[in-house]
Amino acid sequence: MIKSVCGYCGVGCGLEYDEKQLIGNLAYPTNQGNLCSKGISELVSMQTPTRLLRPHMREALDEPFVLSDWKETISLITDRIKRTSKDKIGFYLSGQLLTEDYYIANKLAKGFLGTNNVDTNSRTCMASAVVAYKKAIGADFVPVRMNDIFKSDLLILTGANTAEAHVVFHNSIKKAKKNGLKVVVIDPRRTDTAKIADLYLPIRPGSDIDFFNLLSKRLIDEEKYDKAFVADHINNFEMLKNKFKRAPVTKMLKRTGLTQEAFDTFWELYSESDNIITAWTMGLNQSVQGVDKNLALLNTHLLTGKIFKEGNGPLSLTGQPNAMGGREVGGLSTMLAVHLGFDEESIQKVSTFWKTDKIDNKPGLTATQMLDADLDVLIICHTDPVYHLPHRKRVEQQLSKIPLVVEINAYDNSETAKYAHIRLPAAPWGEKEGTQTNLDRTITKQERLTRTSIDCKPDWEIFQLLAQSLGFGKAFDFETPKEIFEEYQKMTKLNDYMDISEADYDALTYKPFVWGEKIKHFLTPDKKGNLFFVENKLKSEKTSLEFPFLLLTGRTRDQWHSGTKTNLPQTLLTHKPLNFCEIHPHDAQKLGIQNEDTIKVISKRGELITKALITKDVYEKSIFIPISNREINYLTNDLLDRESLQPDYNHNAVMIERISDA
Ligand SMILES: Nc1nc2c(c(=O)[nH]1)N[C@H]1C(S)=C(S)[C@@H](COP(=O)(O)OP(=O)(O)OC[C@H]3O[C@@H](n4cnc5c(=O)[nH]c(N)nc54)[C@H](O)[C@@H]3O)O[C@H]1N2
Ligand SMILES: Nc1nc2c(c(=O)[nH]1)N[C@H]1C(S)=C(S)[C@@H](COP(=O)(O)OP(=O)(O)OC[C@H]3O[C@@H](n4cnc5c(=O)[nH]c(N)nc54)[C@H](O)[C@@H]3O)O[C@H]1N2
Ligand code: SF4
Ligand SMILES: [Mo]
């Protein structure tokens, strides 16, 4: 029996493999034997005919790919990198890479090529939460664990559909409810998550800042905040109190679309609860004011002192399996490594550790900036930016101008493949080993279950090959992921709160290591939490007479993003539908649309064809299309949060045309 961990979502469920089947690991604390359909199907996806098994290359995008080999492709990439100025090279990584993969890519780019243009799809996912956590509590640190819901009285889920996106955690929520946990769900859609709520608040999209400001103001006005905690541990209280004095309360409530009665019911539940956890995901992060939405939420925990205590805290639900581990090693262009920045002292520490003098002192391009930067070489690994970046038509135009695009993928049917010159075959989940950090800081090891396909390589090995070929062999002579992990462990000592030297690599599959468990205080320089006054500036794209509907996008339970691993003909599991557009019955009636009619959805930027699903579960004048529709981002806008540079995927003005009957 081999123990491993699921490679899909941030819950990070423990698994067991007995050469025939995968089952949940009963002894694993996060899932206690449970798995969702994606976890169970990991084995199926290893065996699909759509695996990429050999290196491929072509001279130009209008030519077909021809088979190549590792030697030729790596030497071509090396030649081009040597001829390119470091500012014109970009590494586009993924929250699905293992920590060791990330470590090698980051060390190569930032440490030895001297470019900080290393960023990840986490920019589209967690960047707003990262920036807000740093501002409010001093570090990109999740101060509460999933199992704290069993010690809590109230769980507020906002902009998070755990029933589809964090399935096994959702099962835990249902269990905790039996022990008395109350659940409030705040979402413009009556999702499957909303259906298990004690109180569902159908908020109008984009008004979360108003909602949390109303809550903070009421806490202050009714003196329900924790006075002693605020006095001892919190900055900016008087400022916030004064700002709220002039807050336009009626207008704010109106913007949320909630009735006073609904807000009062929520307030009653909130003020009666001793222990509160607020959890959120893309409904907050993916916004032109994503950081501010996060800060408005964090304010409530700082005011009430419901943080660093069992059963309490702001719980950002990370989406990808190792988005957190990636950030720890330095996967974002705005950080160097081990949560250190680009100040002189940090650069000095990391340079000494890596024995290099190449590190640049300015932050690199983010994933959402790279394509604007006229790059000459772009290496994309374990992610599909053509599918996932907003305003796809623009992305396609920009990408097709880059002279060398290298795609490292384990499957051959990504959207980005259409824009690549070189494609390198990675070993997928099950054919490699390494570590990942789940959404609540648990470091576990993915285990290799079968032999690695002959011409495929684990991602770290591909980056190491490149580093060696570029002449950096001395710093890149790792034989195993264990050696990389152990170097990274030593590196975590450079930042005291991140020290994971006690973790034992070989034991991680059965004895996961949770980092940061001793941190029970703010990580800011003065050890105090920071309140911020933020306002809803209504900066998202607005609907108009021509584009009267607001498009929301999000997940479906059995599909993983673009579906290279889950949308497989041989999958035995019954899929929930993947291609639909939720429309409110009132809107459908006005447009003469019946259920299952074929419709065209059009924005200023592009269009797609899908099927109508008429339901009262979506807010009137809003529609929802899941991201399992690979064309989703032809519609979306490319507005970014000014601090996190995360896109505003959830607020797009669109129109709908009926094409034909069901
Ligand atoms: N099955 C499955 N699970 C996954 C993934 C997957 O592809 N498939 N992906 C993983 C990843 S990478 C991520 S990031 C997570 C995402 O996890 P979630 O964020 O929970 O998933 P989404 O479906 O994007 O849900 C976002 C919710 O926010 C709501 N929303 C939209 N706008 C607003 C708003 O203005 N305010 C509020 N309060 N809510 C709003 C939407 O209606 C939607 O229900 O899922 C992870 N889990
Ligand atoms: N409209 C809209 N757009 C969104 C979002 C949204 O909510 N709405 N969400 C955003 C978010 S939160 C995220 S996280 C992104 C996700 O977007 P992506 O990261 O682009 O989506 P995936 O389909 O997970 O892409 C992973 C890729 O890695 C490949 N792969 C699988 N295993 C391996 C391996 O072992 N090695 C290598 N090298 N490759 C492998 C897969 O075949 C696939 O092509 O989408 C973002 N885009
Ligand atoms: S909940 Fe997430 S980690 Fe657990 S089995 Fe499902 S996809 Fe895998
Ligand atoms: Mo994500």
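For ligands, and for the atoms within them, numbers begin at 1 and follow the listed sequence.
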Inset, instruction - Please state which part of T564 comes within less than 4.0 Å of ligand 2, counting heavy atoms only: side chain, backbone, both or neither. - result: side chain
Legend entry - Proximal atoms of ligand 2 relative to A426 (non-hydrogen, under 4.0 Å): 36 (N), 37 (C), 38 (N)
Legend entry - Short side-chain donor-acceptor distance under 3.5 Å, R123 and T334: yes
Inset, instruction - Return each pair, listed once, that meets salt bridge (Lys or Arg N to Asp or Glu O under 4.0 Å) where at least one residue sits in residues 206-215; pairs must be two or more places apart or across chains. - result: D208-K293, D210-R255
Legend entry - Contacting atoms of ligand 2, where contact means under 4.0 angstrom from a heavy atom of I408: 37 (C), 38 (N), 39 (N)
Inset, instruction - Could you tell me whether the side chain of E42 reaches within less than 4.5 Å of the side chain of Q446, counting heavy atoms only? - result: no
Legend entry - Pairwise side-chain contact, Y92 with M370, heavy-atom cut-off 4.5 Å (strictly under): yes
Legend entry - Heavy-atom gap A427 to ligand 2 smaller than 4.0 Å: yes
Inset, instruction - Select one of side chain, backbone, both or neither to describe which atoms of L97 lie under 4.0 Å from any atom of ligand 2, heavy atoms only. - result: neither
Legend entry - Y387-ligand 2 polar pair, N/O distance under 3.5 Å: no
Inset, instruction - Consider only side-chain N and O atoms of Y634 and R392, and report whether a donor and an acceptor are under 3.5 Å apart. - result: yes
Legend entry - Close-contact set for ligand 2 against T636 heavy atoms, below 4.0 Å: 1 (N)
Legend entry - Atom indices of ligand 2, in the order listed, that fall short of 4.0 Å to a heavy atom of D459: 34 (C), 35 (O), 36 (N), 37 (C), 38 (N)
Legend entry - Geometric N/O contact K565 with ligand 2, under 3.5 angstrom: no
Inset, instruction - May I ask you to list the atoms of ligand 2 that are less than 4.0 angstrom from any heavy atom of A410? - result: 32 (N), 33 (C), 34 (C), 37 (C), 39 (N), 40 (C)
Inset, instruction - Report the relative orientation of the aromatic rings in F263 and F211; use parallel for angles under 30°, tilted for 30 to 60°, perpendicular for over 60°. - result: perpendicular
Legend entry - Minimum heavy-atom distance between G24 and L35, given as atom pair plus value: N-CD1, 3.5 Å
Legend entry - For K432, atoms of ligand 2 separated by under 4.0 Å from a heavy atom: 34 (C), 35 (O)
Inset, instruction - Test the R423-F65 pair against the cation-pi criterion, namely NZ or CZ under 6.0 angstrom from the six-membered ring centroid and within 45° of the ring axis. - result: yes
Inset, instruction - Just jot down the ligand 2 atoms closer than 4.0 angstrom to any heavy atom of C381, in number order. - result: 38 (N)
Inset, instruction - Compute whether any side-chain donor of one residue and acceptor of the other, for D292 and N294, lie under 3.5 angstrom apart. - result: no
Inset, instruction - Would you sort out whether D617 and K195 count as a salt bridge (Lys or Arg N to Asp or Glu O under 4.0 Å), showing the intermediate values? - result: CA-CA 10 Å; D617 291 343; K195 287 170 193 157; 2.9 Å; yes
Inset, instruction - Please work out which of the three classes, parallel, tilted or perpendicular, describes the rings of Y270 and W267, given edges at 30° and 60°. - result: parallel
Could you list, one pair per line, each nitrogen or oxygen of ligand 1 together with any protein nitrogen or oxygen closer than 3.5 Å, giving atom names and the distance rounded to 0.1 Å?
unit_1	atom_1	unit_2	atom_2	d
ligand 1	1 (N)	K38	NZ	3.2
ligand 1	1 (N)	E164	O	3.0
ligand 1	1 (N)	T556	O	2.9
ligand 1	1 (N)	R557	O	2.8
ligand 1	1 (N)	Q559	O	3.3
ligand 1	3 (N)	E164	O	3.4
ligand 1	3 (N)	A165	O	3.4
ligand 1	7 (O)	H561	N	3.0
ligand 1	7 (O)	H561	NE2	3.4
ligand 1	8 (N)	Q559	O	2.6
ligand 1	9 (N)	R555	NE	3.1
ligand 1	9 (N)	H561	NE2	3.1
ligand 1	19 (O)	M282	N	2.9
ligand 1	20 (O)	N161	N	2.7
ligand 1	23 (O)	R555	N	2.6
ligand 1	24 (O)	R555	NH1	2.9
ligand 1	35 (O)	G206	N	2.7
ligand 1	35 (O)	D208	OD1	3.4
ligand 1	35 (O)	K293	NZ	3.1
ligand 1	36 (N)	D208	OD1	2.8
ligand 1	36 (N)	D208	OD2	3.3
ligand 1	38 (N)	T158	OG1	3.2
ligand 1	38 (N)	G159	N	3.4
ligand 1	38 (N)	I186	O	3.4
ligand 1	38 (N)	D208	OD2	2.7
ligand 1	42 (O)	D187	OD1	2.7
ligand 1	42 (O)	R189	NE	3.0
ligand 1	44 (O)	D187	OD1	3.4
ligand 1	44 (O)	D187	OD2	2.7
ligand 1	44 (O)	R189	NH2	3.0
ligand 1	47 (N)	A165	O	2.7

Inset, instruction - Check each atom of ligand 2 against the heavy atoms of P428 and keep those under 4.0 Å away; list them by number with element. - result: 35 (O)
Legend entry - Sidechain N-carboxylate O distance under 4.0 Å for E607, K600: yes
